Amino acid sequence: MQLISLRNVSKVYPNGVAALRGVELEISKGEFTFLVGPSGAGKSTLLRLLFREEVPTSGVVMVNGHDVGRMRRKQIPYLRRQIGVVFQDFRLLPQRTVADNIAFALRVTEVHPREIKRRVAQVLELVGLTERATAVPSQLSGGEQQRVALARAMVGHPLVLLADEPTGNLDPVNASEMMKTLLEINHLGTTVVMATHAAHLVDRARQRVVAMEDGQIRRDELAASYSEGVVR
Amino acid sequence: MKPRTWAFCLSEANQNLLRNPVLAIASITTTAVSLLVLGVFLLLSANVNQITTNIESQVAVRAFFDKSTTQAQETAALSTVRGWKDVRSAHVVTAKQALAQLKREFGDQGKVLNSLGSANPLEDSLSVTAKAPVDVAPLAKALGKLTGVVRVSYQSEVVNRLFNLINGIRVVGLGVGVLLLLGALLVINNAIRLGIITRRREIAIMRLVGATESLVHWPFILEGLILGLIGSVIAAGLAWWGYSALYTSAARSLPFLPLVAPTPYASDIAGVLVVLGVLLGAVGFRLSVRRLARV
Ligand SMILES: Nc1ncnc2c1ncn2[C@@H]1O[C@H](COP(=O)(O)OP(=O)(O)OP(=O)(O)O)[C@@H](O)[C@H]1O
Ligand SMILES: [Mg+2]
């Protein structure tokens with residue numbers, strides 16, 4: 001069984017924009033997939049369908065055996081506990097410390113405090129921020145803030161990590177550090193789907209590339225590069 | 001939800017209150033004022049009610065018999081009247097008793113009545129008291145229709161005025177109270193809305209990481225309940241304390257005007273105010289649910 005599968009998925013926003021048109025996509029457990037394509041191609045929309053931020057206009061979106069588009073409202077939180085999400089703009093809580101920001105995800109899902117402590121320490125280690133646990137986001141660099149967001153996404157041990165331009169606000173050094181961590185997370189067994197414009201990161205990683213344009217998938221290659229036919 | 005999750009919701013609710021202290025204070029103040037006004041009117045209305053009933057029970061309707069009415073007819077009329085359900089008590093006042101009463105009331109000057117000698121210008125009558133002030137007018141009418149009765153008298157003016165006064169107080173009190181409550185509701189609702197707006201990042205993240213909707217809602221429900229509770233406890237306390245003080249001083253200086261005792265009446269009203277306050281908070285939240293869904 002595929003972890004993620006989209007069958008003939010279309011998405012038309014209320015304003016009439018057709019962001020996705022008949023998308024077919026399968027992603028298996030443990031895969032690393034880049035979503036690339038020009039601005040407005042529908043990458044973010046596709047990711048939003050996966051964690052039920054949006055519902056498809058037609059077609060079926062399956063995640064881990066659940067029909068996400070037709071899922072009952074009550075079940076959405078439980079779907080989201082299996083999905084970690086990272087955005088370009090970090091989305092941290094400014095008044096909370098690094099450790100609190102990460103723990104927040106577990107507190108609102110009623111995990112035992114002792115378990116929270118253990119897991120927060122674990123992910124802090126993973127993203128290399130153990131020393132900054134008591135800092136607040138404004139005291140961190142962009143790269144560090146994005147790593148906090150990544151830690152928060154990972155602390156619930158999700159099946160899949162969705163990253164929407166996670167390096168979009170980072171300088172090249174931090175971006176390549178972040179990329180390294182994402183690949184490491186994937187290596188440890190988490191499925192990763194990452195939308196990006198960072199051609200050099202895609203080219204270096206040699207992973208599956210799904211290229212979109214105008215709401216459709218134009219290319220889907222394993223161990224591929226950002227642009228078609230380019231071997232660097 | 002687990003106890004520590006309730007604790008989490010409570011601390012989030014507290015943070016909301018502390019982050020927007022001006023609106024929190026405004027909510028509490030308007031709630032307290034509106035409930036206090038409502039409480040004062042309830043207490044006032046209860047007392048006017050009691051005073052009227054007191055006066056009313058002293059105001060008897062008198063039905064005067066024709067001079068030619070026999071004692072048997074009078075007794076028959078008495079038992080008929082006693083059978084009516086709006087009658088509290090009824091008895092016959094003979095012309096002789098009426099004269100004696102008159103002499104007593106006039107005191108020293110009553111001696112002039114002695115000049116009447118054995119002649120008694122007064123008539124026999126039925127003295128009837130009604131169970132409730134409302135019953136007085138219809139009762140008087142019914143008495144007028146009895147055989148042998150020539151005229152009926154009661155202090156209808158006083159009764160009517162008191163009546164209007166009670167109703168006036170009720171209507172005005174309820175109207176003002178309800179208006180103020182609506183105002184308080186608006187302020188609480190705004191406080192919660194502002195809380196939702198200031199916390200929208202947090203709410204979005206909660207949903208993103210898989211918090212249930214009830215966990216998203218509860219901090220705001222608690223915020224409403226806390227605001228309503230604090231406001232109403234202040235109002236209930238002031239109403240209770242103020243009324244008890246008034247009662248004690250009234251009992252000393254106006255012993256002939258017995259007020260309604262603070263327990264259980266005023267304590268019941270205090271309880272009602274607290275319930276209303278909490279309800280206000282709950283409704284204040286309920287009105288913001290749609291806003292919360294759109295964050
Ligand atoms: N909430 C929305 N309401 C209406 N239209 C939207 C909404 N979100 C996206 N769109 C439109 O849908 C299309 C696809 O947008 P989407 O954000 O998925 O593109 P993208 O590939 O992520 O682009 P980018 O690389 O710039 O992030 C665009 O035309 C966009 O304007
Ligand atoms: Mg996008």
Side-chain angles (χ1 to χ4, degrees), chain A residues 47-48 50-53 63 71-87 89-96 100-117 119 123 137 148-164, chain B residues 1-24 191-226 285-286 288-295:
Chain A
L47 292 180
R48 285 203 286 269
L50 296 179
F51 64 100
R52 183 57 195 263
E53 178 73 14
V63 175
M71 176 173 270
R72 277 186 299 137
R73 232 163 231 294
K74 287 237 171 231
Q75 292 185 299
I76 298 172
Y78 304 97
L79 167 80
R80 293 195 181 156
R81 291 177 197 184
Q82 302 188 313
I83 300 176
V85 190
V86 182
F87 300 95
D89 58 354
F90 320 142
R91 303 198 189 176
L92 301 176
L93 295 171
Q95 328 82 318
R96 292 176 193 261
D100 271 353
N101 263 284
I102 300 167
F104 188 75
L106 295 180
R107 284 175 77 192
V108 303
T109 54
E110 309 207 79
V111 175
H112 193 278
R114 219 175 310 123
E115 177 71 4
I116 293 179
K117 227 173 150 188
R119 288 216 228 160
V123 286
V148 177
L150 181 60
R152 183 182 63 200
M154 290 306 298
V155 78
H157 295 167
L159 288 171
V160 50
L161 177 70
L162 307 178
D164 195 351
Chain B
M1 292 198 295
K2 301 195 168 109
R4 63 169 175 276
T5 309
W6 284 112
F8 171 81
C9 290
L10 202 59
S11 96
E12 294 290 296
N14 274 330
Q15 274 177 40
N16 278 359
L17 295 176
L18 296 177
R19 252 183 249 176
N20 302 310
V22 175
L23 260 185
I192 294 175
R193 271 164 192 261
L194 189 65
I196 291 172
I197 292 166
T198 44
R199 280 190 62 218
R200 62 181 184 282
R201 279 169 82 90
E202 208 161 326
I203 294 168
I205 292 167
M206 283 172 87
R207 287 185 170 136
L208 182 70
V209 299
T212 56
E213 280 305 295
S214 61
L215 193 71
V216 174
H217 283 52
W218 268 106
F220 297 103
I221 299 175
L222 290 178
E223 183 185 352
L225 294 184
I226 291 170
F285 165 77
R286 189 65 193 77
S288 338
V289 162
R290 278 152 63 91
R291 183 75 191 79
L292 191 51
R294 277 187 286 117
V295 163

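Please read all numbers here as calculations on a predicted model, not as lab measurements. Only heavy atoms go into these numbers, but all of them, side chains included; no hydrogens, no water, no symmetry mates.
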I'd like to know if the side chain of A:Arg81 reaches the main chain of B:Gly210, judged simply by a donor and an acceptor atom lying under 3.5 Å from each other, with no hydrogens or angles considered. yes
So what's closer than 4.5 Å to chain B heavy atoms on A:Pro94: side chain, backbone, both or neither? side chain
Under 4.5 Å, counting heavy-atom pairs only, tell me which of A:Gly156, A:Pro113, A:Pro77 racks up the most with chain B. A:Pro77
Just wondering, are more than 12 heavy atoms of other shown residues or ligands nearer than 6.0 Å to CZ in B:Arg193? yes
Winner by heavy-atom pair count (cut-off under 4.5 Å) against chain B, out of A:Ile76, A:Val155, A:Val111: A:Val111
Around atom CZ of B:Arg19, are there more than 12 heavy atoms of other residues, nucleotides or ligands at under 6.0 Å? yes
Going by an N to O cut-off under 4.0 Å, is there a salt bridge joining B:Glu202 and A:Arg96? yes
Hey, what do you get for CZ (A:Arg91) to CZ (B:Arg201), rounding to the nearest 0.5 Å? 9.0 Å
Looking at B:Thr212, B:Leu215, B:Leu208, which one has more heavy-atom pairs under 4.5 Å with chain A than the rest? B:Leu208
Tightest non-hydrogen contact, residues A:Leu92 and B:Ile205, listed as C-CD1, 4.3 Å
Of the listed A:Ile83, A:Leu93, A:Val85, the one with the largest count of heavy-atom pairs under 4.5 Å with chain B is A:Leu93
Side chain, backbone, both or neither of A:Arg152 within contact of chain B (heavy atoms, under 4.5 Å): side chain
Side chain from CB out, backbone as N, CA, C, O: work out which of these in B:Arg199 comes under 4.5 Å of a heavy atom of chain A, or both, or neither. neither
By number, which residues in residues 4-12 of chain B have some heavy atom less than 4.5 Å away from chain A? B:Arg4, B:Thr5, B:Phe8, B:Glu12
Which region of A:Gln95, side chain (C-beta onward) or backbone (N, CA, C, O), has a non-hydrogen atom less than 4.5 Å from a non-hydrogen atom of chain B, or is it both or neither? side chain
Applying a strict 4.5 Å limit to non-hydrogen atoms, the region of A:Leu79 in contact with chain B is neither
